[in-house]
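Remember, it's 1-based here, ligands and their atoms both numbered in the order they're listed. All residue numbers in this chain count up from 1 along the given sequence.
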Amino acid sequence: MEESIRRLQQEIVEFEIQAQADLEAFRLKYTVRKGLIAALFGQLKSVDPADKPRIGQLLNQLKQTADAKLTEAEERLASTESSSSSNKGIDLTLPGRRYFTGSEHPVQKVLGEMKQIFSAMGFGIATGPELELDSYNFDMLNFPPDHPARDMQDTFFVTSGNPGSDVLLRTHTSPVQVRVMLDQKPPIRVICPGKVYRNEAISSRSYCVFHQLEGLYIDKKVSFADLKATIYSFAKQMFGTDVKLRFRPSFFPFTEPSAEVDVTCYLCGGKGCKVCKKSGWLEIMGCGMVHPNVMRNCGIDPEEWSGYAFGMGVDRTVLLRYKIDDIRLLFENDLRMLRQFGA
Ligand code: PHE
């Protein structure tokens with residue numbers, strides 16, 4: 001018995017545990033309940049009572065040796081494994097990863113400025129869908145059924161052949177006026193910024209999508225003088241205090257009277273340059289008094305209420321402000337161009 005214990009002790013000490021598989025083999029051979037050590041403990045019963053304490057002690061030592069070896073091997077393997085996996089693939093000498101922060105698109109910068117000016121004057125912001133019903137884009141805005149603006153050449157129709165419920169890409173932001181008037185009771189004072197679409201020949205000066213900012217004010221006794229004062233105040237803040245305005249009579253089906261507004265060219269100060277084609281003026285918007293038919297279409301009594309509306313293009317101002325010479329650059333999302341507008 002003593003001899004067997006000593007042999008086992010020797011074997012255990014010499015057992016090499018280098019991997020998880022060795023560890024498992026060691027455990028199964030020696031330390032489990034049906035292992036060799038437990039078997040020797042089982043034989044203790046038949047040992048001469050006089051030898052029992054000594055043999056018992058030897059067996060306990062054997063068990064301690066095996067347990068200690070097992071614990072030591074477990075810890076050693078666990079620590080080498082975790083350190084090797086956490087080091088795997090990491091080169092601490094590599095430079096850090098660069099994070100690119102985005103920047104506001106130039107169109108959004110200019111739109112943001114415009115929104116700020118109008119919100120300071122008490123205008124709220126309304127939005128509407130870019131996929132619009134032709135009734136909102138045209139009929140409700142008092143366009144006659146045969147108006148040329150409905151022509152396929154100008155409008156991107158998504159469905160066709162169901163007058164009134166056809167779906168199209170809105171050609172201006174004015175349908176948002178209709179939605180707001182149907183939705184809210186006067187007094188109403190909102191601006192509606194957004195994208196609009198027209199099927200036009202693409203060039204450095206015109207694109208099939210661009211941005212407009214619409215304004216609508218409906219209250220009691222709103223006059224053309226109110227419209228002029230609002231536009232004037234806006235233009236001074238947006239284009240500079242020296243700016244002069246010119247209102248030219250014009251026509252829109254949804255306003256009467258209507259006008260187009262020019263500002264003195266803020267590049268040459270009105271002297272005449274390439275951008276203003278030597279005229280000294282730049283056209284910035286269309287405007288007018290909301291047509292009584294439009295009010296009636298939207299359930300607002302034109303005898304009781306009156307209002308003005310205006311709609312301006314945003315992209316032209318962006319091009320001039322940042323000296324960009326091709327409108328297409330605003331829509332291509334070329335990072336080389338966008339990065340120039342970082343904060
Ligand atoms: N919707 C018109 C356009 O796109 C602009 C406009 C808006 C004119 C509001 C008058 C009033 O040309």
Quiz item: Polar-atom distance check: Thr171 versus ligand 1, any N or O pair below 3.5 Å?
Solution: no

Quiz item: Is the backbone of Thr171 close enough, under 3.5 Å, to the side chain of Arg198 for a donor and an acceptor to pair up by distance?
Solution: yes

Self-check item: Hphob cluster co-occupancy, Val209 + Val158, side-chain heavy atoms under 4.5 angstrom
Solution: yes

Quiz item: Counting each atom of ligand 1 from 1 as listed, which ones have a heavy atom of Phe254 under 4.0 Å away?
Solution: 1 (N), 2 (C), 6 (C), 7 (C), 8 (C), 9 (C), 10 (C), 11 (C)

Practice problem: Scan side-chain atoms only and decide if Gln237 and Ser233 contain a donor-acceptor pair under the 3.5 Å cut-off. | Solution: yes

Exercise. Heavy-atom distances under 4.0 Å are what count here, so tell me which part of Ser174 touches ligand 1: side chain, backbone, both or neither.
Key: side chain

Exercise. Please report the closest heavy-atom contact between Ala126 and Val180, naming both atoms and the distance.
Key: CB-CG2, 3.6 Å

Self-check item: Output field: ring centroids Phe118/Phe310 closer than 6.0 Å
Solution: yes

Practice problem: Answer yes or no on whether Lys228 is positioned over the face of Phe247, meaning its NZ or CZ is under 6.0 Å from the six-membered ring centre and within 45° of the axis. | Solution: yes

Quiz prompt | Contact partition for Arg198 relative to ligand 1, non-hydrogen atoms under 4.0 Å | solution = side chain

Practice problem: May I ask you to list the atoms of ligand 1 that are less than 4.0 angstrom from any heavy atom of Cys287? | Solution: 8 (C), 10 (C), 11 (C)

Practice problem: Go through ligand 1 atom by atom and flag the ones less than 4.0 Å from a non-hydrogen atom of Phe310. | Solution: 7 (C), 9 (C), 11 (C)

Exercise. Report the part of Glu214 in contact with ligand 1, treating N, CA, C, O as backbone and CB onward as side chain, heavy atoms under 4.0 Å; options are side chain, backbone, both, neither.
Key: side chain

Quiz prompt | For Gln212, atoms of ligand 1 separated by under 4.0 Å from a heavy atom | solution = 3 (C), 4 (O)

